[in-house]
Amino acid sequence: MLEAVGAATVEELFDIPPAIEFDGAFGIDARSERETRRLVRSMLDRNDTLTELLGRGHYGYYIPSLVDHLADRSEFLTSYTQYQPEVSQGFLQVLFEYQSLLVELTGLEIANCSMYDAATALGEAATLAERVRETSGHRVLVPDRLLEGRRSTLENYVAGTDLVVEEYPLDDGVVDLEALEGMVDEDVVMLYAENPTVRGTIEEGLESIGDLATAHDALYVLGSDPIALSLLQRPADVGADVVVGDASVLGLPTSYGMGLGLFATREDFLRQVPGRLVGVSEDATDRRAYTLTLQTREQHIRRERATSNICTNQAWVALRTAIHAASLGPHGMVDLAKRGVTRAEDLAEHLDEMTGVAAPVHDRRHFREFVAHVDQPAAPIAEDLERRGFAVHVVGEHEIQVCVAGVSDAKLERFVAAFKEVVQ
Amino acid sequence: MLEAVGAATVEELFDIPPAIEFDGAFGIDARSERETRRLVRSMLDRNDTLTELLGRGHYGYYIPSLVDHLADRSEFLTSYTQYQPEVSQGFLQVLFEYQSLLVELTGLEIANCSMYDAATALGEAATLAERVRETSGHRVLVPDRLLEGRRSTLENYVAGTDLVVEEYPLDDGVVDLEALEGMVDEDVVMLYAENPTVRGTIEEGLESIGDLATAHDALYVLGSDPIALSLLQRPADVGADVVVGDASVLGLPTSYGMGLGLFATREDFLRQVPGRLVGVSEDATDRRAYTLTLQTREQHIRRERATSNICTNQAWVALRTAIHAASLGPHGMVDLAKRGVTRAEDLAEHLDEMTGVAAPVHDRRHFREFVAHVDQPAAPIAEDLERRGFAVHVVGEHEIQVCVAGVSDAKLERFVAAFKEVVQ
Amino acid sequence: QYEPLLAEKDQTRVEIGDDDDSPLPDDLTRDSLELPELSEPELARHYTRLSQMIYGIDSGPYPLGSCTMKYNPKFTEDVAALPSAAVHPDRSERSTQGSLELMYRLQDYLGRIGGMDAVTLQPPAGAAGEFVGIRVAAAYHEHNGEGHRDEVIIPDSAHGTNFATAALGGYDVVSLPSDEDGRVDLEALEAALSENTAALMLTNPNTLGLFERDITEIAEMVHDVGGLLYYDGANLNALLGRARPGDMGFDVMHYNVHKTFATPHGGGGPGAGPVGVVSELAPFLPSPRVRESEDGASEPSYELFEPDHTIGKVHGFQGNWLVLVKTFAYIARLGDAGLADASAKAVLNANYLASQIGYDVPYEPFHHEFVASAGEQDAADVAKRMLDYGVHPPTTKWPEIVPEALMTEPTEVESKATLDRLAAAFNAVADEADGALEAAPNRTTARRIDQTSAARNPRLSWHALEDE
Amino acid sequence: QYEPLLAEKDQTRVEIGDDDDSPLPDDLTRDSLELPELSEPELARHYTRLSQMIYGIDSGPYPLGSCTMKYNPKFTEDVAALPSAAVHPDRSERSTQGSLELMYRLQDYLGRIGGMDAVTLQPPAGAAGEFVGIRVAAAYHEHNGEGHRDEVIIPDSAHGTNFATAALGGYDVVSLPSDEDGRVDLEALEAALSENTAALMLTNPNTLGLFERDITEIAEMVHDVGGLLYYDGANLNALLGRARPGDMGFDVMHYNVHKTFATPHGGGGPGAGPVGVVSELAPFLPSPRVRESEDGASEPSYELFEPDHTIGKVHGFQGNWLVLVKTFAYIARLGDAGLADASAKAVLNANYLASQIGYDVPYEPFHHEFVASAGEQDAADVAKRMLDYGVHPPTTKWPEIVPEALMTEPTEVESKATLDRLAAAFNAVADEADGALEAAPNRTTARRIDQTSAARNPRLSWHALEDE
């Protein structure tokens, strides 16, 4: 090969000025495949094995074995973005089916085929609001208990705009409608609410919030996820303009924060949607074919006038989510959601029976998780529980939040026993 | 569907006399997929995690990740025997390549595409000997230290014939040529030797044994495996008529005895070979195509005159072995074999340095494993080692056998330290 | 589309013995080794491409009568891949309680399912299971001073392995014709039975899918002459939870785990062929088996043991262990209800499919499989042509009692939509002319393959191709 | 061949709220959910079939210039699948020392490889890395009272993400033309730089594969006006072990782990775009980062911390963690020698391939990629036609500096045999008439797809198809 290119050595082919040449000594040792696996395994073994009752956006639902086996097929794992649709029909169809799943769940007409996670999807919703706003407004309203990752990411996304993020209060776990009403005016371009809320309560005023947003020409953005959406009010029915969230509650285990940004919106905003869209077309023989479409919105064509800078997104995670949803089917999804309600209620009841514990603290309906009040300081209780193999959230000086998703009945029983010992 | 078949219930379709109907109550509980996985995992977790220095036919060589990823492709895993070769070309080619690997390793012209394991391959070799014998003889000679599983299986395979199995002595770890010479006569139809021997020694008299067999018209059957064959004398060069063994030293972890019967032989015996053979042919467009061939030897056509009763064999394991061998390549295979010699020598040296230990007991060259003499009783030493996380063989009152294959240098070091503590 | 052989991509010869680093003297080593040396990406592409040239159960329906190809639930692969499943066969019993417990419980499950008193898991495939059955029968007769019994009776429609196994066991085979209904001809059986009868091997439902209604009588007849009744488990999936070989009078049986319990077939194995026996035969089973040990610990513990009059081994250790793990997981997942549901759907699917195809099905009432006749068409050609419709054909030309047999078993896993697709393929081919059939297949990786040329000029390795 | 949509196989509507077992009052629930309900075998076949309609890196060469498609070593999947890797992001630091150690060591590796002082692993893709870079630059300028800087300079041949990211960050984009050699035009740069310059974004080697020889001078010029120099890591694989952005004067850079370190692309993600910065910028990096903690334990322990002037977060937690695990494993496997070998082979392969094809390659000396010109042919048509030869085509029509560009990057993983096959495909297409090109592809799952129709009549879900 060197002969063919007319070089005596490979080094000749590099055109690097001597002054900035590097000698290659990073100080990184090479290892065999086996040694590398052993190294990573021994490192990760330093993670304690805990039963996680954490929730708050990431859930350990059981993932059917089928999902791994199919998603790991190398054609899925090792292909590129579908710029040559003629040899990518399989992946495009999966993404189209993923979009369809979200359309069914949200009731909105359009879903893109992924953002990075809920936080960045929220950020993109704000830039969408900026692009489509009908007023000169600049206020973005979010709940005061918004997860820090979402709040901070949103701030970064609007940093290059004239939007400002402001908080409205959650009262007793749900939106304080009265307070919100007092805050909304024509200057508001986007109003964000979540269902369930970060404290696990099921929001009761979704339609009223939507009415408020509509009355003031603000974009109504709703945060949720596919399991919650299987049972709770359909966003389209409460007037939502955009739905964001983390779709990886299906398809991914708790992966240290890795996610899958769900983004669905109304048809009106078709040309302003961020991210990739798969559409249907025909090939030269008039057969149905799938393709990435409306690419003129995207950075590789529109450059600085693109609807987003996103390029590589979370396609393979969307595939996993689609397969997981398909293997649950509609009955499985609805059942899983229902159990999220009943099992949380059951657990709350068990905790509530203990002296010095009141659960749930909010007199609301809960989905999957809830906050418990503990008379003793919460932090030492959580530490004690961790020593006994359970991870829970401390969300206030005397408040602990727990989540039942993905935790087996047997483990919940052991958790109740451990909790009892700890608070006694 | 019931309507189409004209039945009111599925039960109507069953034609089982009432007297022998069963009510279906096996007393086996159904479980969710998740619970089933948990059940099996918790059961198997009762297996202690030990570093295995066991060998003697089963080895824990590192299996590259590539092997699992490719072999687990469902087309390989879920297809049937290739009776419709037009839709099975991929698997047939893999089996053809597997046969070619064995042909290269043994130097013999024919290899089938698998028997169950080394023991059954040895049994099949004996029935081959019976079919092709040129004398009226009936003696089958095997080494006196033959693994019990092989010996016993062989006995069952010849139980329906007039062959009898007799033992010749291994002296100081290798074949006692003088004793063997005294035993061989015209009545011997098969002479079986192994390289390496069960005690890890490299057989030095392979050619002489072959000469003995040939001189008496006996089939010379050699036991070995693909790693040993990569370095040690080529069976064809020492006159072997048949090579048997366990090919799963490549491709399978130690799987509680699961194996892959290697079976290669000379072209002369083509019509008498047991098991499946893949050959090359052409399709209707004259392109090369693979197919199962010489099926008239097999049970589904020849019935009671078949060369064997084998039907389902170990095709998928052969696939794994082929991929493992391919990923090592010839350099990798030879290197792995060489390290089997040097690392065993190193370990023997370390053990030999200890007071009360002599290793190896045989003044021979060793492959992968060797026997050590311990002054103290061997059994308690092995038990003590097991408590320290190491599994070794007790092969005599004062003899322990150890194997280095697949054990990392770091673990061997720890083993030496543990051994020292135990014998002190 | 054509994928070259590995050896056509690379051949690298490694010389041994002439370099400094060989740890052995030349006379103990080979001279060289010549094999392909390819990178991981090249190998990944090679095998990925080859896999794409294979029709598997994940490609579509696979209605091979009697061979039984079911969909294999993916999760069983995961449990078999657990690192804790990978232990050496010579490990101590105290350090392998997990493996022993799984085997113990699987022995128990299988005993219940077959109505058998004792089970060995050792046979690595169905044919090996048959061999164990025949060897156990021989040992039993020998033990009872009846070593003279040298005949095994087998219906002419039986699997080839039955005949080959009996022969391997040293028995003379007495072939039994079917009666006009397709079942065992009792008169012919009467004539075949004698004091030389060691055993009758039977499949029930038989290969026509018909239940042997006279099974109780057959059992009596065999037992009356001192013979044993062997159950070939190939069709047990038709009876799961509805009838048990033990209750029918069978003395010994094998289970085909891929046919009855959906472990993957792997393109020809590994399988497992556990054998169940009634208590009288238990002492003759292969060694070792697993039992609870009586060490009085809080957790039950298990040990290996050697049956009193064991025939010894038919495999180096305990057969295809990883397949047994999958089998256990499959049964534990389904439970009583799931197992009975499997046979219900298998039988319904077979009956539905038969009702939708134009080919004649001469024998009924069938259970999980039926044998249609291709009539004037050549059944093998029908099969090749079906490949063009993207489905796998049934087993053909067997059993011979049906002319141009199309032995069809859709199994319980197929949906109505798939059965309809399969029926459409049958019916499309049924309407085609012989010419179209003989020219088939056209849409497969390879076109019709010349079997004669392969056998006449055997080329069984890439070395053989080099000479061309 | 055509695979129906899941919804064409089944649609099952579940009504909610009108049954007894709904745990919620009707006004808190939706009315119904209608989705496909299919069995595991049906799903396995659906996705298996779909996978077979995809060209992946395991199918053959994928020479997408600048996109960089490398073979992904399989073992990295296994480490990412370890159960111990699956932890919740809100777990305590003391219970996740393993994850923290891996991140700490990966930060360290990446810092060494890029010649950077501090690294954040948070950005979930390259574009997100760019965004962090731009936000960090903005925060730095703001912190120094230079908040007025509102321009980012970008060469016209740069990736679209550079422009979109600068815009998302609120900057005006100043586009920079190339000189006639295909590199940064220093005079144009001089003209573009001003006291309003926040940063210059540069790829090196640039998209033509050419090394920006004047990089030291460029860095001086940018720094002289108080701007920062941003390195787009898309082409870092060309320099591994031979030159480092930090040594060239870059202040901030992102790494594309799939391009440089062979993590799988997954059909469009998940990726990871870690960002490295010089020490002056470290206080502005996203929060949290990982550092060794000083608790004096025997084993080193790790903790999260918030950089002093952090820009906050650009992702809910730490980006695509599982991708980071694969990245770490890949780097730890290769080590110094393997990394340098990768760039050597990448550059040799590009040069060899270019030497074997008939198309003109106007700019050189290129490194890991080259841009050929299809000349009179339409580059997009060339690409479609190459599909017919069983290989994936290069990136086309970009950068625009080369007419009908074929931007080609074979990467280090391809063997000479594969490069020869790829060259043969290029050359076959080069000799063909426009008609053949326009009619292509013919041997793919779908023929040429009508893009206009897809955009004019957007049908983005199966619901949209129902109306048809």
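Here the structure is a predicted model, which is why all the values come from computation and not from measurement. Convention: sequence-line order gives letters A, B, ...; per-chain numbering from 1.
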Task: Over all atoms of both residues, closest heavy-atom pair of D:Arg30 and A:Arg234 - done: NH2-CD, 3.2 Å
Open item on the list: Between D:Thr445 and A:Glu86, is there a side-chain donor-acceptor contact under 3.5 Å, judged purely by atom types and distance?
Closed with: no
Open item on the list: Could you tell me if the side chain of D:Leu33 sits less than 4.5 Å from the side chain of A:Glu104, heavy atoms only?
Closed with: yes
Open item on the list: Strictly below 4.0 Å, N to O, side chains only: are A:Glu386 and D:Arg91 in salt-bridge contact?
Closed with: no
Task: Salt bridge D:Arg459-A:Glu282, side-chain N to carboxylate O under 4.0 Å - done: yes
TODO: Please examine the side chains of A:Gln84 and D:Pro393, heavy atoms only from C-beta on, and report whether any two atoms are closer than 4.5 Å.
DONE: yes
- [ ] Could you go through the side chain to side chain donor-acceptor pair (under 3.5 Å) check for A:Thr293 and D:Gln451 one step at a time?
- [x] CA-CA 7 Å; A:Thr293 191; D:Gln451 298 293 339; 5.5 Å; no
- [ ] Identify whether the distance between the nearest side-chain nitrogen and carboxylate oxygen of D:Asp21 and A:Lys338 falls below 4.0 Å.
- [x] yes
Open item on the list: Contact between D:Ile57 and A:Ser79 at the side-chain level, heavy atoms closer than 4.5 Å - yes or no?
Closed with: no
TODO: Sort out for me which of D:Gly170, D:Gly98, D:Gly56, D:Ser92 touches chain A most, counting heavy-atom pairs under 4.5 Å.
DONE: D:Gly98
- [ ] Inspect the contact between D:Asp90 and A:Arg56 and indicate whether a charged nitrogen and a carboxylate oxygen are less than 4.0 angstrom apart.
- [x] no
- [ ] State, with a plain yes or no, whether a side-chain heavy atom of A:His331 is found less than 4.5 Å away from one of D:Thr12.
- [x] yes
Task: Structural part of A:Arg365 lying under 4.5 Å from a heavy atom of chain D - done: side chain
TODO: Identify the heavy atoms of D:Gln356 and A:Ala4 that sit nearest to each other, and give their distance.
DONE: NE2-CB, 3.7 Å
Task: Contacting region of A:Asn156 [heavy-atom separation from chain D under 4.5 Å] - done: both
Open item on the list: Does D:Arg112 qualify as a cation-pi partner of A:Phe26, given the criterion of NZ or CZ under 6.0 Å from the six-membered ring centre and within 45 degrees of its axis?
Closed with: no
- [ ] Using only heavy-atom distances, determine whether the side chains of A:Ser74 and D:Asp58 contain a donor-acceptor pair under 3.5 Å.
- [x] yes
Open item on the list: Is any side-chain heavy atom of D:Gln52 closer than 4.5 Å to one of A:Arg73?
Closed with: yes
TODO: Answer yes when D:Arg242 and A:Glu21 have at least one side-chain N-carboxylate O distance shorter than 4.0 Å, and no when they do not.
DONE: no
- [ ] Heavy atoms only: give me the nearest A:Val103-D:Ser461 pair and the separation to one decimal.
- [x] CG2-CB, 3.8 Å
Task: Trace of the side chain to side chain donor-acceptor pair (under 3.5 Å) decision for A:Arg288 with D:Tyr2 - done: CA-CA 9 Å; A:Arg288 185 200 291 169; D:Tyr2 162 81; 3.0 Å; yes
- [ ] Using a 4.5 Å cut-off on heavy atoms from C-beta on, say whether the side chain of A:Ser327 contacts that of D:Glu40.
- [x] no
TODO: Decide, yes or no, whether a salt bridge links A:Glu33 with D:Arg333 under the criterion of side-chain N to carboxylate O below 4.0 Å.
DONE: no
TODO: Answer yes if the side chains of A:Gln99 and D:His463 hold a donor-acceptor pair under 3.5 Å, and no otherwise.
DONE: no
Task: Under 4.5 Å from a heavy atom of chain D, the part of A:Glu11 involved - done: side chain
Task: Heavy-atom contact with chain D under 4.5 Å, split by part of A:Thr153 - done: both
Open item on the list: We want to know whether A:Asn47 and D:Ser99 form a side-chain donor-acceptor pair, criterion being a heavy-atom distance below 3.5 angstrom.
Closed with: yes
- [ ] Could you look at A:Ala326 and say if it's the side chain, the backbone, both or neither that has a heavy atom under 4.5 Å from chain D?
- [x] both
TODO: Could you tell me whether the side chain of A:Tyr80 reaches within less than 4.5 Å of the side chain of D:Tyr55, counting heavy atoms only?
DONE: no
- [ ] Of all the heavy-atom pairs spanning A:Ala289 and D:Ala446, show the shortest one and how long it is.
- [x] CB-CB, 4.3 Å
Task: Part of A:Leu77 within contact of chain D (heavy atom distance under 4.5 Å) - done: both
Task: Side-chain ion pair, A:Asp283 and D:Arg448, N-O less than 4.0 Å - done: no
Open item on the list: Under a 3.5 Å distance rule, please check whether D:Ser51 uses its side chain to pair with a backbone N or O of A:Phe76 as donor and acceptor.
Closed with: no
Open item on the list: I'd like to verify something: which residue of D:Ala340, D:Gly338, D:Pro36 has the highest number of heavy-atom pairs under 4.5 Å with chain A?
Closed with: D:Pro36
Task: Portion of A:Leu39 that has a non-hydrogen atom of chain D nearer than 4.5 angstrom - done: side chain
Task: A:Val10 portion near chain D, given a 4.5 angstrom heavy-atom threshold - done: side chain
TODO: Using distance alone, with no hydrogens and no angle criterion, decide if A:Gln314 and D:Asn320 have a side-chain donor and acceptor under 3.5 Å apart.
DONE: yes
Open item on the list: Could you tell me if the side chain of D:His88 sits less than 4.5 Å from the side chain of A:Leu50, heavy atoms only?
Closed with: no
- [ ] Of all the heavy-atom pairs spanning D:Pro89 and A:Tyr256, show the shortest one and how long it is.
- [x] CB-C, 3.7 Å
Open item on the list: Please classify the contact of A:Ile301 with chain D as side chain, backbone, both or neither, using a heavy-atom distance under 4.5 Å.
Closed with: neither
Task: Contacting moiety of A:His69, where chain D heavy atoms sit under 4.5 Å - done: neither
Open item on the list: Could you check whether D:His367 and A:Phe14 have their ring centres less than 6.0 Å apart?
Closed with: yes
TODO: Could you look at A:Thr120 and say if it's the side chain, the backbone, both or neither that has a heavy atom under 4.5 Å from chain D?
DONE: side chain
- [ ] Go through the atoms of A:Leu54 and report whether side chain, backbone, both or neither lie under 4.5 Å from a heavy atom of chain D.
- [x] both
Task: Interface moiety of A:Asp68 toward chain D, non-hydrogen atoms closer than 4.5 Å - done: neither
Task: Minimum heavy-atom distance A:Pro85-D:Ile449, with the two atoms named - done: CB-CD1, 3.6 Å
Task: Interface moiety of A:Ser230 toward chain D, non-hydrogen atoms closer than 4.5 Å - done: both
